[in-house]
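The structure appears right after this line, and notes come after that.
All values derive from a computational prediction rather than experimental measurement. Heavy-atom basis, side chains included; hydrogens, waters and symmetry copies ignored.
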Amino acid sequence: MNPPSPGLDRTGERFRRTASRFPTGVTVLSTVVDGQPHGMTVNAFTSVSVDPLMVLVSVNHDSRTYRHISSSAVFAVTMLSAGQEGVARAFADPRRPAGASSFVDIPWCAAPYTGCPILPEGVGYFDCELDRIHPVGDHAVLIGAVRAFDVLTGRPPLLFLHSEFTEPGRPRPKGKQQ
């Protein structure tokens, strides 16, 4: 075990750096409230159960999208494809406009069960009713009962590794090999 690196003394920074060693997929979590779409980038997503069909996402409880999902009780998760890094960055920006303005220039369609936005250039989607919320520290774990799902494209997934977007098989740039 190596001692903490200089400049990374704070526990939260060390925690994030350690967690960044585990590759995750990248998703856009979305909902619709009063006809207005809302969304954010999330990489804490996984399937939970096949019987019944369930997924989970973890989001900061201070996020706008979390508040909207708490109100609407529905959400969709689009797993992004390798060509959608710009989409991931746009929905990760806390300064992005709210509501429909955040979806301008981003192709989307309504999910079949909830009407929440799905991004058809992604890898696949899950259309969910909110089953339960578990507050955990500064985040909330949302459990969704899957009502519809499908594969969208045959493209490779967008990944997040070492705090960077990447795709399967792409080597890390020189100088970032750790």
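For the side-chain hydrogen bond (donor to acceptor under 3.5 Å, both in side chains) test, residues two or more places apart in sequence or in another chain that qualify with Thr31 are Ser72. For Ala88, the side-chain contact (heavy atoms from CB on, under 4.5 Å) test picks out Val26, Thr41, Leu80, Leu158, Phe165, with sequence neighbours left out. Thr24 meets the side-chain hydrogen bond (donor to acceptor under 3.5 Å, both in side chains) test with Asn43; sequence neighbours excluded. Annotation: side-chain hydrogen bond (donor to acceptor under 3.5 Å, both in side chains) contacts of Arg155 (sequence neighbours excluded): none. Looking at residues two or more places apart in sequence or on another chain, you find a side-chain contact (heavy atoms from CB on, under 4.5 Å) between Asn60 and Asp62, His139. Taking the side-chain hydrogen bond (donor to acceptor under 3.5 Å, both in side chains) definition, one finds that Asp93 meets it with Arg95, sequence neighbours left out.
Put simply, the side chain of Thr78 never gets that close to the backbone of Gly122: no donor and acceptor are under 3.5 Å apart. Remark: side-chain polar atoms of Glu164 are not paired, donor with acceptor, to backbone N or O of Leu161 under 3.5 angstrom.
Of all heavy-atom pairs between Ala98 and Arg64, the closest is CB-NH1, 3.6 Å. For the pair Ile133 and Ser70, the tightest heavy-atom approach, listed with the atom from each and the gap, is CD1-OG, 3.8 Å. Between Cys128 and Thr114, the shortest heavy-atom contact is O-CG2, 3.4 Å. Nearest heavy atoms, Val32 versus Pro37: CG2-N, 4.1 Å. Of all heavy-atom pairs spanning Ala76 and Cys116, the tightest one is CB-CB, 3.7 Å. Smallest separation of non-hydrogen atoms from Ser102 and Ile106: O-CD1, 3.8 Å.
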As a quick check of understanding, evaluate side chain to side chain contact (heavy atoms under 4.5 Å, CB included) for Val74 and Leu130, giving each step before the final call. CA-CA 5 Å; Val74 294; Leu130 182 62; over 6 Å; no
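The salt bridge (Lys or Arg N to Asp or Glu O under 4.0 Å) pairs that include a residue from residues 121-140 are Glu129-Arg147, where partners are two or more places apart or lie in different chains. Within the structure, the salt bridge (Lys or Arg N to Asp or Glu O under 4.0 Å) test picks out no pair touching residues 110-119 (sequence neighbours left out). Annotation: salt bridge (Lys or Arg N to Asp or Glu O under 4.0 Å) contacts involving residues 76-89, sequence neighbours excluded, comprise Glu85-Arg89. Sequence neighbours left out, the pairs with a member in residues 61-84 that pass ring-ring contact (aromatic ring centres under 6.0 Å, His included) are His38-His68.
There is a path of hydrophobic side-chain contacts, each under 4.5 Å, that joins Val50 to Val55. A single hydrophobic cluster is seen to contain both Val77 and Leu53, as judged by linkage of ILVMFWY side chains at heavy-atom distances under 4.5 Å, directly or through other members. Under a hydrophobic clustering in which Ile, Leu, Val, Met, Phe, Trp and Tyr are joined whenever their side-chain heavy atoms come within less than 4.5 Å, directly or via other members, Val57 and Met79 fall into the same cluster. Residues Leu119 and Val59 do not share a hydrophobic cluster, defined by chaining ILVMFWY side chains whose heavy atoms lie under 4.5 Å apart. Under a hydrophobic clustering in which Ile, Leu, Val, Met, Phe, Trp and Tyr are joined whenever their side-chain heavy atoms come within less than 4.5 Å, directly or via other members, Val28 and Phe45 fall into different clusters.
In the hydrophobic clustering (ILVMFWY side chains linked at under 4.5 Å, chained through shared members), Val48 is joined by Met54, Leu56, Val136, Val141, Ile143. Side-chain contacts under 4.5 Å among hydrophobic residues (ILVMFWY), followed directly or transitively, place Ile118 together with Tyr125, Leu152.
For the pair Glu13 and Arg16, the salt-bridge criterion is not met [side-chain N within less than 4.0 Å of a carboxylate O].
With rounding to the nearest 0.5 angstrom, the CE atom of Met40 is 11.5 Å from the OG atom of Ser30. Remark: Arg96 CZ to Ser101 OG distance equals 11.5 Å, nearest 0.5 Å. Atom OG of Ser63 sits about 8.0 Å away from atom CG of Leu29, to the nearest 0.5 Å.
Heavy atoms of other residues, nucleotides or ligands lying less than 6.0 angstrom from CZ of Phe149 number 12 at most.
Two residues are said to be in side-chain contact when any heavy atoms from C-beta on lie closer than 4.5 Å; Ser71 and Ile69 fail this criterion. Residues Ser81 and Pro156 form no side-chain contact, since every pair of their non-hydrogen atoms from C-beta on lies 4.5 Å or further apart.
Aromatic ring centres of Phe103 and Phe91 lie closer together than 6.0 Å.
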